[in-house]
Q: 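Please find one structure pasted underneath; my questions will follow.
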Amino acid sequence: MELSKNYIPGEVEIKWYKHWVDSGYFHSTPNDKKAYTVVIPPPNVTGVLHMGHCLNNTIQDILVRRARMQGFNPCWVPGTDHASIATEAKVVAMLRERGIPKSSLTRDEFLGYAWEWKEKYGGIILQQLRKMGCSLDWERTSFTMDADYYESVIKVFVDLYKKGKIYRGKRMINWDVRAKTALSDEELIHKEVAGKIYHLRYKLDIPGDEYITIATVRPETILGDSAICVHPKDDRYKHLVGKFAFVPLINRRIPIIADDYVEIEFGTGALKVTPAHDINDFMLGQKYNLEVIDTMNDDGTLSEAAGLYIGQDRIEVRKIITKDLDAAGNLVKIEDYTHQVGFSERTDAIVEPRLSLQWWVDMKKLAAPALEAVMSDEISFHPAKFKNLYRHWMEGIKDWCISRQLWWGHRIPAWYDEEGNIYVAHNEAEVNANHPETKGKKLTQDADCLDTWFSSWLWPFEVFKGLSNPNNAEVNYYYPTSTLVTAPEIIFFWVARMIIAGEEYMGKIPFKDVYFTGIVRDKQGRKMSKSLGNSPDLLGLIDQYGADAVRFGIMIASPAGNDLLFDESTLEQGRNFNNKLWNATKLLKMWEARQNKEGEIPEDAKFAMDWFQTKLTSTQNEVDEMLKTFRLSEALKTIYGLIWDDFCSWYLEWIKPGFEQPMHQGVYEKTVEYYDALLQLLHPFMPFITEEIHHTLKTQTEDLCIKLYTPTSKVDDAVLNAGALLQNVISTLRDARNKNQIKPKDAIELHIQTSNNAPYQTIQKILAKQINASDIQYTSSAIAASIVVALEKDKFYIVSDQAIDTASLKENLLKDLAHQKGFLISVSKKLDNEKFVQNAKPDVLAIEQKKKADTLARIQTIEESLAQLG
RNA sequence: GGGGGCAUAGCUCAGUUGGUUUAGAGCAUCUGCCUUACAAGCAGAGGGUCCGCGGUUCGAACCCGUGUGCCCCCA
């Protein structure tokens, strides 16, 4: 078989992915093996794959493929999130393009369009995951608005309501006065607006004619003031804290309070607090129990509560009240001021912060067992630093606002009668059944939907129908899941809440390990974003470099727990690595055709095989340990080095036969075995090329994808050391050749002066090949007219036709000597220190003594060499 | 405003309870090679006040304090 010059990933990837899926390798059903379950963090249903998904899913695939090869029964569940806000926004935008305003549609008509949209675009991201090689169990694809899933979300709402954990309360939202609807933060457009800042003085309720001056950009809201706030350390106002002032024009008496929220430098340092019309003021209001005076109607006109200007628009009122304040003597000055104002994306109206009734989950008690699960390490976070963050948040957990003024999502199962009574049940019939008094009355269901996270917190068990079909065989087998891989920014939105829901509804934690990935940034460290245009086209990259190279590039640059600075050059490195693997394959295929079945395996090949086998085993152990502790990037680097350096650069060169010479069959077969073991180690990271080469090497009885990985035997350090010595001698002598400008093609003669020939005799043939020596001999005295090199306690003399540069030889030896002497001083200092000798552990002491002895011997060798140079 | 994190070679990072040759790797750089698997390659080399200052210790990249500079999350 003729192999192409370079590795070409495209067709290979399509071929193997289809084969794996057709063979059913990714599909799991409960059996007597141990389960390894991973649920995908469901991407937005209408989303497309970006670098964050790529990182996150590559990591999951590595863990899952590895588990598959270790004999677990792995189940990786794919699916998507209905993502109420993002999806609804996309559908609204699509309708607007078609000239259909959302307000012209009924709820059912709108949902019709939304489902249509979902069917059309919902599968894209799942297709893209296939391109990446993700070994997902496609037969289990789930969606947070599947019929059963929907029912379960409603069930949880009703259950928590009955337990008294869900209640209704007031909250500040963004209000569009023109569309008369609430807006999410995502639907706001912030614009810089040139406005004015008004300095207004409020008369103090103390004897005399004294005032306090505040600064505001919204003078019309003073009618809703319920306090004035200053900084506790502000000397200008300290004496006024606890006193009262009067709101101008209406003369309402309000307290003066102190809080370090106030910025001393800003405005006058005194802040008017209007809890009904500003989010920060609202929080201050809650903190200090201030009166909330809502002075605005839903169309933006002033309400009865304002007391003045009732029924006039707030923007008009601003002009009028400014004049009236001036006339009343309360206006100190007006300054120009540029600030950010939120506009409605849809109507371009200035958005008003406004209080409205929302649904909440009381989190305090629910959170307690979930906090405990992480603090006790029942659930492990990787990296562990996120434990602190989690604890801090969980200890100060606030109630969760779960209602959204949207149509796309799980509709809140609450009904209101005309008197405003609330009935929560799974459906209207159940309301009637439980509350006979409602029969015949007109009931209206709450128009709002639930927060998306109120459905995704059920994900780890509801994908196995743990709630819709409790205690079924699958959920009992797959739950709790094994590892969750996700981004740290959703530790509170999602991770914490899944733990809460798992404890509450399954009575068990949802996963044992949580691996937090970094954030994908560009080369300059900026977050990837659409507006910056720094987000690369992932599918384009896969086309250009191959999926394996993309997976390699992204993993090699992802240190555990740190952000990933994406740089296309690592993809190039991945592609080059593919090519390296491909070329090694070509070399083996060449040797396959030229085998020698006669005689014994040569001694030097035996040495090389022995060494590589040991190196392989020891590295496998290292990699196992790294993967156990989620150091995936390090594991990949280690495998990369093992293949490129140890296998290709050292081992293959050591066993390489002479020009057009055959290779002993025993060596060849063992080498294929080693290579296959390397491919297996690499497979979870780069599944396509490893499977391809696995089958190119020889006819296989099974696919690499499911081949069992069986570690490992003990490692003989003596064998490793023998190999390291050989490498060290080769590198040192090559360096000497280089420095003395001996051309690679020119052969040398090598004379070794050592007290122990044996170690060199075993490696002599390999050494000769690797440094291009025509002859190697042993000597007990210096060789004239040679290049001398000192290594450990031994000396090497290189004889060649090249003129010898004694000066530079000397220089190198002197440099080395200086270094050794410096080192000797530092070691001696330690050993001469009585306190060190007394306090250090015995093995540390022994090491230091050995260091000293070695260094002394080395210094002697160098000095002798120098003496010989004259 | 509250909380968390980071600082080691040009870049990205290792460095496990303080002692493993006066700090390691990959990439990048430099030098020499078109050596019959691979120039998407081979061989070799150079490169660091371990952010500053102070402390604990026989001994600090590592522990403590402090300063500085970056980053993230929540409001």
Side-chain angles (χ1 to χ4, degrees), chain A residues 3 5-7 231 259-263 279-280 283 383 385-393 396 398 488-492 518-519 521 523 525 527 545 549 556-565 567 569-570 572-591 625-626 629 631 633-634 636-638 640-641 644-645 648-649 652-653 656 659-660 730-739 741-745 770-772 819-820 822-827 829-830 832-841 843-845 847-848 850-852 854-855 858:
Chain A
L3 297 183
K5 183 175 186 300
N6 289 333
Y7 175 66
H231 196 281
D259 190 278
D260 54 16
Y261 165 73
V262 177
E263 283 182 53
I279 179 71
N280 294 310
M283 287 185 303
K385 66 183 179 188
F386 289 111
K387 248 172 99 172
N388 277 339
L389 193 69
Y390 179 83
R391 187 184 60 203
H392 182 262
W393 191 76
K398 299 202 178 87
E489 63 249 41
I490 56 175
I491 184 169
F492 309 127
I519 296 163
R521 302 170 175 283
K523 232 165 138 177
K527 226 168 162 170
Y545 295 98
I556 204 84
S558 291
N562 280 13
D563 288 353
L564 175 159
L565 296 177
D567 182 350
S569 68
T570 62
E572 208 173 300
Q573 195 188 344
R575 183 202 57 186
N576 295 354
F577 186 36
N578 275 325
N579 208 39
K580 187 72 182 175
L581 291 163
W582 191 242
N583 278 305
T585 311
K586 273 161 54 184
L587 180 64
L588 290 191
K589 295 313 280 184
M590 231 180 72
W591 288 345
E625 194 51 42
M626 287 170 182
T629 48
R631 282 138 67 206
S633 183
E634 262 185 89
L636 177 57
K637 272 181 198 163
T638 305
Y640 176 78
W644 200 303
D645 300 330
C648 293
S649 295
L652 291 181
E653 294 299 331
K656 189 181 264 183
F659 186 57
E660 296 204 330
I730 291 170
S731 294
T732 306
L733 294 175
R734 278 173 174 168
D735 183 33
R737 289 185 57 124
N738 256 345
K739 290 209 167 104
Q741 292 163 350
I742 301 173
K743 294 256 176 276
K745 274 183 178 164
Q770 292 277 277
I771 60 167
N772 191 15
H819 180 264
Q820 297 297 333
F823 183 66
L824 181 65
I825 289 168
S826 83
V827 178
K829 232 192 230 167
K830 265 189 206 175
D832 294 346
N833 184 331
E834 265 178 50
K835 285 188 176 168
F836 170 73
V837 179
Q838 281 164 13
N839 294 327
K841 283 177 237 159
D843 51 330
V844 172
L845 191 60
I847 287 167
E848 293 301 318
K850 182 174 185 308
K851 278 190 210 169
K852 185 173 179 181
D854 287 353
T855 310
R858 175 119 180 88

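As the structure is a prediction and not an experimental result, all values here were calculated from the model. Letters A, B, ... mirror the listed sequences (proteins, then strands); counts begin at 1.
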Q: Can you check the Ile847(A) CD1 to G18(B) C1' distance for me, whole Å?
A: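 My rounded result for the distance is 14 Å.
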
Q: Give the rounded distance in Å between these two atoms: CG of Asp563(A) and P of C11(B).
A: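 Atom-to-atom, Asp563(A) to C11(B), this comes out as 17 Å.
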
Q: So Asn839(A), base contact, sugar-phosphate only, or nothing? Heavy-atom distance under 4.0 Å.
A: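 Base contact - Asn839(A) has a heavy atom under 4.0 Å of at least one base atom.
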
Q: Treating Ser649(A) as the side-chain partner and Trp644(A) as the backbone partner, does any N or O pair qualify as donor plus acceptor under 3.5 Å?
A: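 Judged by distance alone, yes, a pair lies under 3.5 Å.
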
Q: Report yes or no: does Asn579(A) contribute a side-chain atom to a donor-acceptor pair with the main-chain N or O of Tyr7(A) at less than 3.5 Å?
A: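 Yes; judged by distance alone, with no hydrogens or angles, the pair exists.
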
Q: Give me the distance, rounded to whole Å, that separates G18(B) from C63(B) when you measure between the C1' atoms they each carry.
A: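 Rounded to whole Å, the distance is 8 Å.
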
Q: When rounded to the nearest Å, what value does the distance between P atoms of U20(B) and A45(B) take?
A: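 The same atom, P, in both gives a distance of 23 Å.
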
Q: Figure out the CG/C1' separation between Asn388(A) and G3(B), and round it to whole Å.
A: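 My rounded result for the distance is 10 Å.
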
Q: For each nucleotide in nucleotides 28-43 of chain B, reading 5' to 3', give B when a protein heavy atom comes within less than 4.0 Å of its base, S when such contact involves only the sugar-phosphate, and - otherwise.
A: -----S--BBBSBSSS

Q: If the threshold is 4.0 Å, N to carboxylate O, is there a salt bridge linking Asp854(A) and Arg858(A)?
A: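 Salt bridge flag = no for Arg858(A) with Asp854(A).
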
Q: Would you measure the distance from the C1' atom in G24(B) across to the matching atom in U8(B) and give it in whole Å?
A: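 To the nearest whole Å, 10 Å.
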
Q: In sequence, state the C-alpha distance, the side-chain angles, and the governing distance for Lys637(A) and Glu634(A), and then conclude on salt bridge (Lys or Arg N to Asp or Glu O under 4.0 Å).
A: CA-CA 5 Å; Lys637(A) 272 181 198 163; Glu634(A) 262 185 89; over 6 Å; no

Q: Rounded to the nearest 0.5 Å, what separates atom CD in Glu660(A) from atom CE in Met590(A)?
A: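 Nearest 0.5 Å value for the CD-CE distance: 8.5 Å.
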
Q: What integer number of Å spans the P atoms of A61(B) and U17(B)?
A: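 Comparing P positions in A61(B) and U17(B) gives a spacing of 16 Å.
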
Q: Please classify the nucleic acid contact of Arg521(A) as base, sugar-phosphate, or nothing, using heavy-atom distances under 4.0 Å.
A: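 Sugar-phosphate, no base atom in range.
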
Q: Can you work out whether Glu489(A) or Gln573(A) has the more 5'-proximal nearest nucleotide on RNA chain B?
A: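 First, find each residue's nearest nucleotide; the 5'-ward one identifies Gln573(A).
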
Q: Identify the nucleotide, in any strand shown, that forms a Watson-Crick or G-U wobble pair with C63(B), with both distances under 3.5 Å; if there is none, say none.
A: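 By the stated definition (distances under 3.5 Å), G55(B) pairs with C63(B).
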
Q: Using whole Å, report how far OH of Tyr640(A) lies from P of A14(B).
A: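 Answer to the nearest Å: 19 Å.
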
Q: Please pick, from G19(B), G3(B), A14(B), the nucleotide with the shortest atom-to-atom distance to any side-chain atom of Ala840(A).
A: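 Closest nucleotide to the Ala840(A) side chain: G19(B).
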
Q: With sugar-phosphate meaning primed atoms plus P, OP1 and OP2, does Asp259(A) contact a base, only sugar-phosphate, or nothing at under 4.0 Å between heavy atoms?
A: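 Here Asp259(A) touches no strand at all.
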
Q: Have Asn583(A) and Lys586(A) got a donor and an acceptor in their side chains that come within less than 3.5 Å?
A: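 Note: Asn583(A) and Lys586(A) side chains meet the donor-acceptor criterion.
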
Q: In whole Å, measure the gap between the P atoms of G1(B) and C64(B) for me.
A: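 Looking at atom P only, G1(B) and C64(B) are 26 Å apart.
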
Q: Expressed as a whole number of angstroms, how long is the span from Lys385(A):NZ to C71(B):P?
A: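 Rounded to the whole Å, the gap is 16 Å.
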
Q: Across all strands, who's sitting opposite U29(B) as a Watson-Crick or G-U wobble pair, both distances under 3.5 Å?
A: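 Partner of U29(B): A45(B).
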
Q: Using modelled atom types and a 3.5 Å cut-off, is there a donor and acceptor pairing between side-chain atoms of Arg737(A) and backbone atoms of Thr732(A)?
A: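 Absent.
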
Q: Is there a Watson-Crick or G-U wobble partner for U35(B) with both distances under 3.5 Å, and which nucleotide is it?
A: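 Partner of U35(B): none.
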
Q: Return the value, rounded to whole Å, for the distance between atom CZ of Phe492(A) and atom C1' of A75(B).
A: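 Whole-Å distance recorded here is 13 Å.
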
Q: Nearest 0.5 Å, what's the CG-OH distance between Leu581(A) and Tyr640(A)?
A: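 Interatomic distance, Leu581(A) CG to Tyr640(A) OH, rounded to 0.5 Å: 10.0 Å.
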
Q: Can you check the Leu636(A) CG to C27(B) C1' distance for me, whole Å?
A: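 In whole Å, C27(B) C1' lies 14 Å from Leu636(A) CG.
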
Q: Determine the Euclidean distance between corresponding P atoms of G55(B) and G15(B); express it in Å to zero decimal places.
A: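 About 29 Å, rounded to a whole number of Å.
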
Q: Does U68(B) have a Watson-Crick or wobble mate here (both distances under 3.5 Å), and if so which one?
A: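 Partner of U68(B): A7(B).
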
Q: Write down the distance between CD1 (Ile556(A)) and C1' (C11(B)), rounded to a whole number of angstrom.
A: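 Taking CD1 of Ile556(A) and C1' of C11(B), I get 15 Å after rounding.
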
Q: Nearest nucleotide by nearest heavy atom, which residue falls closer to the 5' end of RNA chain B, Asp645(A) or Lys835(A)?
A: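 That would be Asp645(A).
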
Q: Considering only atom P, compute the distance from U36(B) to A43(B) and round it to an integer number of Å.
A: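 Here U36(B) and A43(B) have their P atoms 14 Å from each other.
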
Q: Is there a side-chain polar atom (N or O) of Tyr390(A) under 4.0 Å from OP1 or OP2 of G4(B)?
A: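 Checking G4(B) against Tyr390(A), no side-chain N or O comes under 4.0 Å of OP1 or OP2.
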
Q: So for atom CD, which belongs to Glu653(A), do other residues, nucleotides or ligands contribute more than 12 heavy atoms lying within a distance under 6.0 Å?
A: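 Atom CD in Glu653(A) is crowded, with more than 12 foreign heavy atoms closer than 6.0 Å.
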
Q: Please report the distance separating the P of C73(B) from the corresponding atom of G59(B), rounded so that it comes out in whole Å.
A: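 These two P atoms come out 43 Å apart once rounded.
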
